[in-house]
Amino acid sequence: MENKFTEQELVRRQKAEDLKNQGIDPFGSRFDRTHNTASFKEEFKSFTKEELHDLEHPPLIKIAGRIMTKRIKGKAGFAHIQDQYGQIQLYVKIDNVGEVAYDLFEKADLGDIVGVSGRPMITNAGELSIKVENYLHLVKALRPLPDKFHGLVDVEERYRRRYVDMIMNEDSKNTLILRSKIIQAMRNYLNNLGYLEVETPILHSILGGANARPFVTHHNALDMPFYLRIAPELYLKRLIIGGLDCVYEIGRNFRNEGISIKHNPEFTMMELYLAYSDLEGMMDLTENLVNSVAMSTLGTTSIPYGDKTIHLEKGWRRAHMVDLIKEETGINFFDITDFEEAKRLANEYKLHVEPHLYGVGHIINLFFEAFCEAKIVQPTFVYGHPIEISPLTKKDPLNPRFTQRFELFIDSREFANAYTELNDPIDQLERFENQLKEKALGNVEATEMDTDFVESLEYGMPPTGGIGIGIDRLVMLLTNSVSIRDVLLFPHMKNRSK
RNA sequence: GACCCGCUAGCUCAGUAGGUAGAGCAUUUGACUUUUAAUCAAAGGGUCGGGCGUUCGAAUCGCCCGCGGGUCACCA
């Protein structure tokens, strides 16, 4: 591999050599800071220029960061350094730091990391800054940063070199930080309610818990194939059977499907189960959880999203899927029980019916997706999913064609999926058998028979409410992000041959 | 997977009808002791995503490939 350096890279490498020759490690080590840019600004924000200037014993500030701008004016100069929290201006004067250090400062490049000690000051232009007394080179950046004014704009580069994106674009960094805070807020909320966070296997030998195409891998010692999980559901339910009353897991699911503005092959879910609860319990919990997370991270429940404002305040609409279809098309699927009639309607409305679809419920789902989903803007619990598309959900006792399931939609997008969990092992066995039939008819997303799970149900699972919430999408909503890639630290990209 | 759009200096972008490749930031040299997209003067830096073709001549036209973005389909 032959490296061809650009002119700027050669200059920087030479500067690193020069530092070494002066006895300075170009990639230095520990520097103990007294402040970061945020704590420094917080501590001195109320001082006037004169007050800082007249302090009898001005405190010594030790701070470090990456040089983002530099303005040399002869024997003095200014620079902004950046850390996690923001930027602070340095005032470096040859009289204060000495000739040797000033020379280092003059030769420093944008992107280098430095540590300084100095005193707080306010410049003539009114900016709180640090009058540097001791200037220390810490790390040489061998590559130049993007344009200090325009930043890194190229979308591909922003995802491939996320670290450069984070250095140059404060919005990107803040979004990713907010992601952590949202997940933390979720944990806090659930832990305070007594939920137990658990970790279940990611390698699954049986495909289940959702309908999706899996990634397949192989375990050498056992010489057997494994799936990367598409959902943790069946393991979490086993914990409910085992006697844990309320559990949740936050973790990665893997689905071998298309990549898009709202899909990444690995995505983060929060899945939760509460014994002795049901669908209504999950609706209440979802409203409370999302409100709590929004308040603690953003301080509001009115969320700007694109050109809309999403209102998360409690009291979300709760609508039966069949009623929504009736609103949009006038068709009342409560009255339609014959598959051929449903199929005729689908054809009439130009909906394509795949060969593995065998029930009226499948057609209902097609109608919902085609005519209702895109109309939903404000948070809406859509409940009453047909039994055909809900293999793990308890039937509606009043109308067994439908199940006690809801999906939460916000701005046409699914955010959560919840059930009154199916705890009847005999029914569950039938559902698995139906899934096998679909698989035989060509549904690549049908789940597999999990006899061990059926067995576990035979020991008795308490009535249970369960829910999965898509974390990435929630983060997108709360950070006003258009693409899921904007809320993933490192979104997947195709390899680029260089 | 299908369709549309993009790829030019480290970064952000121009590039007229096909005629030897441009700017700003960054870099180098010089001036400047409160600047902040610092300023002023000068200089260097490009296999125009890759390949093939058309042409006297291709960043520009055509075809193929690569990567990315968007829309659709599948899905959370």
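Predicted, not measured: the structure shown is a model, and the values here were computed from it. Quick note on labels: first sequence line is chain A, next is B, and so on, each numbered from 1.
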Taking the six-membered ring for Trp, are the ring centroids of A:Tyr195 and A:Tyr273 within less than 6.0 Å of each other? no
Rounded to whole Å, please give me the gap between CG in A:Asp154 and C1' in B:rG6. 10 Å
Counterpart residues, side-chain hydrogen bond (donor to acceptor under 3.5 Å, both in side chains), relative to A:His204 (two or more places apart): none
Please name all residues satisfying side-chain hydrogen bond (donor to acceptor under 3.5 Å, both in side chains) with A:Asn264, sequence neighbours left out, ordered by chain then number. none
Give me the residues of residues 474-485 of chain A where at least one heavy atom lies under 4.0 Å from an atom of RNA chain B, by number, or none. A:Arg485
All side-chain hydrogen bond (donor to acceptor under 3.5 Å, both in side chains) counterparts of A:Asn124, not counting sequence neighbours: A:Lys49
Looking across every strand, which nucleic acid part, if any, lies under 4.0 Å from A:Gly77 by heavy atom: base, sugar-phosphate, or nothing? nothing
Distance-only donor-acceptor hits, side chain of residues 163-171 of chain A, under 3.5 Å, sequence neighbours excluded:
unit_1: A:Asp165; atom_1: OD1; unit_2: A:Arg158; atom_2: NH1; d: 3.3
unit_1: A:Asp165; atom_1: OD1; unit_2: A:Asn169; atom_2: ND2; d: 2.6
unit_1: A:Asp165; atom_1: OD1; unit_2: A:Ser172; atom_2: OG; d: 3.0
unit_1: A:Asp165; atom_1: OD2; unit_2: A:Arg158; atom_2: NH1; d: 3.2
unit_1: A:Asp165; atom_1: OD2; unit_2: A:Arg162; atom_2: NH1; d: 2.8
unit_1: A:Asp165; atom_1: OD2; unit_2: A:Ser172; atom_2: OG; d: 3.1
unit_1: A:Asn169; atom_1: ND2; unit_2: A:Leu152; atom_2: O; d: 3.1

So, OP1 or OP2 of B:rU34: does either fall under 4.0 Å of a side-chain N or O from A:Lys73? yes
Taken to the nearest whole Å, CG/A:Asn96 to C1'/B:rU33 is 10 Å
Roughly how many Å apart are B:rA23 and B:rA9, using the P atom of each and rounding to a whole number? 14 Å
Distance flag, aromatic centroids of A:Tyr383 and A:His320, threshold under 6.0 Å: yes
For A:Gln184, all residues meeting side-chain hydrogen bond (donor to acceptor under 3.5 Å, both in side chains), sequence neighbours excluded: none
Presence of A:Arg71 side-chain N/O under 4.0 Å of B:rU39 phosphate oxygens OP1/OP2: no
CD of A:Glu156 versus P of B:rU12: gap in Å, rounded? 11 Å
Donor-acceptor contacts, no H, no angles, side chain residues 372-382 of chain A, under 3.5 Å, sequence neighbours left out:
unit_1: A:Lys375; atom_1: NZ; unit_2: A:Glu328; atom_2: OE1; d: 2.8
unit_1: A:Gln378; atom_1: OE1; unit_2: A:His311; atom_2: N; d: 2.7
unit_1: A:Gln378; atom_1: NE2; unit_2: A:Thr309; atom_2: O; d: 2.9
unit_1: A:Thr380; atom_1: OG1; unit_2: A:Gln378; atom_2: O; d: 2.8

Return yes if the base of B:rU35 and the side-chain atoms of A:Thr123 contain a donor-acceptor N/O pair under 3.5 Å, otherwise no. yes
Ring pair (Phe, Tyr, Trp, His ring centres under 6.0 Å) pairs touching residues 120-139 of chain A, sequence neighbours excluded, are A:Phe105-A:Tyr135
With no angle test and no hydrogens, is the base of B:rU35 tied to the side chain of A:Gln89 by a donor-acceptor pair under 3.5 Å? yes
Reading 5' to 3' through nucleotides 22-30 of chain B, protein heavy-atom contacts under 4.0 Å coded B for base, S for sugar-phosphate only, - for none: --BBBSS--
Tell me the interatomic distance from A:Met68, atom CE, to B:rA37, atom C1', rounded to whole angstroms. 13 Å
